[in-house]
J.: 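What follows is a single structure, and I will ask about it in a moment.
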Number of protein chains: 2
Amino acid sequence: MPNDVGHEIADALGTLLRRSTRERIYRRLTEGLGEAVDEVTYPVLSGLARTGPRSAAGLADEIGLDRSGVTRRATRLEQAGLLRREPDPADRRATLLALTEAGRAAIETTRQRLATHIEDSLASWPPGEAQTFARQLRRFVDHGPFTA
Amino acid sequence: MPNDVGHEIADALGTLLRRSTRERIYRRLTEGLGEAVDEVTYPVLSGLARTGPRSAAGLADEIGLDRSGVTRRATRLEQAGLLRREPDPADRRATLLALTEAGRAAIETTRQRLATHIEDSLASWPPGEAQTFARQLRRFVDHGPFTA
DNA sequence: GCATATTGCGTGCGTCGCGCACGCTAGTGT
DNA sequence: ACACTAGCGTGCGCGACGCACGCAATATGC
């Protein structure tokens, strides 16, 4: 059965995906950050946190969305004070989307919560295995089936 | 920095989730299976494949959806011949959702495609590491942060 | 044994997010 | 100077969703 490993990983990924798209997860991670931060607007925040201030078009391309969607989500976040539109000094028709201090704080909070949650649930693993798993997972993500 | 591993895994999972929800992935996996199989109806098919014939309510609960959504998706799949509604012999008000032979074949095709795709992209890994990664991933999914 | 509550399903309705297409403004090229 | 392109935001129609309702079948109370 040459495809054993593939099926094993595929099944595990399947349940992982299913579970992680549950709304509850987002709720717990974004609790208390204001109702503007939800599973819809989150990718905009986290995208900006990853790449820094950026045009709507570039961000749309990265998070796999239409430009109009980014515009609308950005507007919501802007009204909530988590995001700021600033004119691109190099191109006056462009507007850069940038996180405000509150936006960065919100992202950092969720990041910290998630990391802590993961660490807690891995506390019972044999020492060292969590590290090797993290390394392999990173490699799997970077050079694996979903690289493109 | 005690949260290093947590952050490492969290970031990897983040990009993994982002990439795997890209529409292209579904397109490639479900290519040629008819337009009734898409990222909307897929969870219904795969849920039934996992658990066998089942009530709409139970399935809705598992895939994290309202009953009405399952009803509508099931109707689409039923019209495409991938799913069958059969009366529950034990409870005459209930209707069980069950895969037809075509439905099972469709799921099996995507499963096989995904497994092959994963195997291919892991071909360059050192021998044995794919196996250990698969085992650890399974454990991560079963006893990890998203178990509940 | 019959009335009532409960369970299970499907459907109408309002809402929301999406992609598409258009208009407007600002650069770019000849 | 003038067409042409690039970048944004908005109106529009579409599709999926959750909620609430109605109907049928079953469980429950007396």
J.: Of the nucleotides dC8(D), dG18(D), dG17(C), which one has an atom closest to the side chain of Arg72(B)?
T.: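 Within the option list, the nearest is dG18(D).
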J.: Would you call Glu78(A) and Arg85(A) a salt bridge, taking side-chain N to carboxylate O under 4.0 Å as the test?
T.: yes
J.: When you measure from the side chain of Thr95(A), which nucleotide among dC8(D), dG8(C), dA26(C) comes out closest?
T.: dC8(D)
J.: Are Arg138(A) and Thr15(B) side-chain neighbours, meaning at least one heavy-atom pair lies under 4.5 Å?
T.: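 A side-chain contact under 4.5 Å exists here.
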J.: Tell me which nucleotide among dC8(D), dC19(D), dG17(C) gets nearest to the side chain of Ser68(B).
T.: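 Closest nucleotide to the Ser68(B) side chain: dC19(D).
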J.: Taking atom C1' of dG18(D) as reference, at what distance in whole Å does atom CG of Asp38(A) sit?
T.: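 Nearest whole value for this atom pair: 15 Å.
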J.: Measure the distance from CG on Asp61(A) to P on dC8(D) and round it to the nearest whole Å.
T.: 12 Å
J.: Given dT26(D), dG18(D), dC20(C), identify the nucleotide with an atom nearest to the side chain of Arg93(B).
T.: dT26(D)
J.: Verify the distance criterion only: is there a donor paired with an acceptor across the side chains of Arg50(B) and Ser46(B) at less than 3.5 Å?
T.: yes
J.: Will you find, in the side chains of Thr30(A) and Arg113(A), an N or O donor that is under 3.5 Å from an N or O acceptor?
T.: no
J.: Rounding to an integer number of Å, can you tell me how far Glu39(B) CD sits from dA16(D) P?
T.: 9 Å
J.: Using atom CG of Leu65(B) as one end and atom C1' of dA16(D) as the other, report the distance to the nearest whole Å.
T.: 9 Å
J.: Where each residue is assigned the nucleotide of DNA chain C containing its nearest heavy atom, which of Val70(A) and Ala90(A) is assigned the position nearer the 5′ end?
T.: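 Whichever sits nearer the 5' end wins; that is Val70(A).
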J.: So what does Asp91(A) touch, heavy atoms closer than 4.0 Å: a base, only the sugar-phosphate, or nothing?
T.: sugar-phosphate
J.: Does the Thr95(A) side chain pair with the main chain of Pro87(A), one donor and one acceptor, at a distance under 3.5 Å?
T.: no
J.: Starting at CD of Glu78(B) and ending at P of dT11(C), how long is that distance when rounded to a whole Å?
T.: 10 Å
J.: To the nearest Å, give me how far apart CZ (Arg76(B)) and P (dT11(C)) are.
T.: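 Roughly 15 Å, once rounded to whole Å.
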J.: Once you round it to whole Å, what is the distance between P of dG10(C) and CZ of Arg67(B)?
T.: 8 Å
J.: Just call it for Ser55(B): base, sugar-phosphate, or nothing, with non-hydrogen atoms closer than 4.0 Å on any strand.
T.: sugar-phosphate
J.: Within this structure, what is the CG-to-C1' distance between Asp66(B) and dG15(D), rounded to whole angstrom?
T.: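 Result: 16 Å.
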